[in-house]
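These numbers were taken from a predicted model, which means no experiment stands behind them. The chains referred to below are lettered A, B, ... by the order of the sequence lines, with proteins before strands, and numbering in each begins at 1.
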There are 2 protein chains.
Amino acid sequence: KTSFVGQEIFYYPKTESTNLIAKNMAMDGAKEGTVVTAEEQTKGRGRLDRNWLSPAYKNILMSILFRPEVQPSQVFSLTMLTSLAVVKAIKTITTLNALIKWPNDIYIGSKKIGGILTEFSAEQDRVNFVIVGVGLNVNFDPSIYPEIKDTATSLSKVLGKEVSRIALLQSILEEIEKGYNLFKKGRVTQIRSEWNTHSLITGKTVRITSFGITEEGVAESVDEDGCLILLDYKGKRKRIFSGDVSLKIDVNHITK
Amino acid sequence: KTSFVGQEIFYYPKTESTNLIAKNMAMDGAKEGTVVTAEEQTKGRGRLDRNWLSPAYKNILMSILFRPEVQPSQVFSLTMLTSLAVVKAIKTITTLNALIKWPNDIYIGSKKIGGILTEFSAEQDRVNFVIVGVGLNVNFDPSIYPEIKDTATSLSKVLGKEVSRIALLQSILEEIEKGYNLFKKGRVTQIRSEWNTHSLITGKTVRITSFGITEEGVAESVDEDGCLILLDYKGKRKRIFSGDVSLKIDVNHITK
């Protein structure tokens with residue numbers, strides 16, 4: 001049901017990391033839309049080299065190769081459209097409402113169910129390729145892992161039943177293709193505004209810790225470069241790069 | 001005479017492209033400062049996939065691996081410090097005054113003698129590695145190549161005698177290390193202001209063609225993101241991304 005995303009899917013029972021495989025394929029000339037999936041990763045990673053825990057045959061682990069004709073500053077749109085695609089596909093397949101926690105996580109309620117890892121290769125003024133990796137907890141039971149049991153969940157855990165990974169993967173790829181077609185038509189504003197309506201933190205009070213300095217304020221929106229616009233208590237707006245922050249969402253605001 | 005740049009030099013009589021080799025080494029974990037040199041490239045490239053012509057055993061072809069802790073928008077500083085290093089080394093070894101033509105070319109007079117090709121691998125908010133490639137015409141006679149004889153020159157052609165490639169390479173690596181140490185100390189403003197004093201186009205009238213649209217104005221400076229600040233005839237300042245432009249320098253201004 002897609003015309004280019006996932007027309008070529010490389011499947012690995014076990015591999016180091018789907019992003020790494022996809023990067024190597026990209027360097028060897030693989031086509032836009034190539035998808036790499038695995039059941040298990042020996043070096044699964046999240047953003048900033050954090051470990052990505054995912055037991056075999058339970059979840060979705062995949063990477064998609066894009067070759068957009070854009071500048072490095074425009075790459076965040078691909079993270080946006082992919083996270084949006086994941087949220088929409090979850091809605092379609094399970095009816096659950098997932099939300100996106102800027103910059104790259106997928107949440108249900110106050111728990112994480114997935115993440116996006118975007119990596120790219122570029123020259124000063126143009127991108128060669130972008131790899132967008134998706135890790136999504138589907139039929140996984142995080143409660144048996146002490147290090148994540150309080151912070152992570154999965155679709156099956158929330159639903160109380162297993163979810164078809166194939167149907168979900170198919171739906172995600174379809175949504176990504178739709179989003180990428182919008183992106184190629186330059187309709188980035190549409191993607192961004194839709195992303196903002198699915199944002200976990202928009203309008204909420206957040207605490208941001210960056211190099212030991214903590215800032216608080218209301219998360220207003222995310223701009224076209226992927227920066228968070230934070231309105232602090234003095235009414236001053238700040239533009240925050242994702243790399244600088246960890247978000248501490250005020251639980252009182254989330255749950256109300 | 002360097003402490004990390006070029007402590008490991010990989011030398012190839014013939015290879016596809018030093019940037020490609022360096023990228024592969026970087027993905028396999030090679031150390032910052034690793035240098036790849038070749039006598040001949042089968043797939044030598046300039047910016048935007050343009051061909052890079054260089055006969056064997058005549059010129060300098062090399063790539064340096066950096067692992068700076070920066071965001072993608074800061075990568076242009078490495079192109080700046082490398083082009084500055086090349087210009088300074090040329091001055092030291094030959095006494096010739098080379099200039100930098102934004103964004104990435106080295107000129108003597110109105111002819112090109114070299115170029116920089118910066119490529120990098122990144123996540124949204126941090127750089128994994130940067131490869132800076134340098135191609136420099138040293139003892140090459142471009143007059144025998146019809147496609148470049150009117151636009152390119154070399155150090156030996158300007159001087160009327162051959163230049164030691166080893167001495168020049170050594171000097172470039174030393175200057176790169178000095179510049180990179182400044183960069184790591186955050187002294188980007190110093191690098192940029194020095195770069196601007198060695199700029200071929202600063203203060204000159206330039207014509208910029210981008211997607212078929214031509215703009216003219218005075219090149220004022222290059223900002224910290226590597227954008228050219230152009231003052232047009234209406235007194236309006238424009239910020240131009242390198243990817244969008246080709247420069248047509250007004251010959252009357254250059255030669256005066």
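Using a 4.5 Å cut-off between heavy atoms, A:L78 makes no contact with chain B at all. With a 4.5 angstrom heavy-atom cutoff, A:N128 touches chain B only via side-chain atoms.
Enclosure of atom NZ in B:K184 by more than 12 non-hydrogen atoms of other residues, nucleotides or ligands within 6.0 angstrom is indicated. The local environment of CD in A:E147 is crowded, with over 12 non-hydrogen atoms from other residues, nucleotides or ligands closer than 6.0 Å.
Across all non-hydrogen atoms, the minimal contact from A:F120 to B:Q124 is CE2-N, 4.4 Å. Counting all heavy atoms, side chain and backbone alike, A:M27 lies closest to B:N24 at CE-OD1, 3.5 Å.
Put simply, CG on A:D225 and CG on B:D125 are 12.5 Å apart, with the number rounded to the nearest 0.5 Å.
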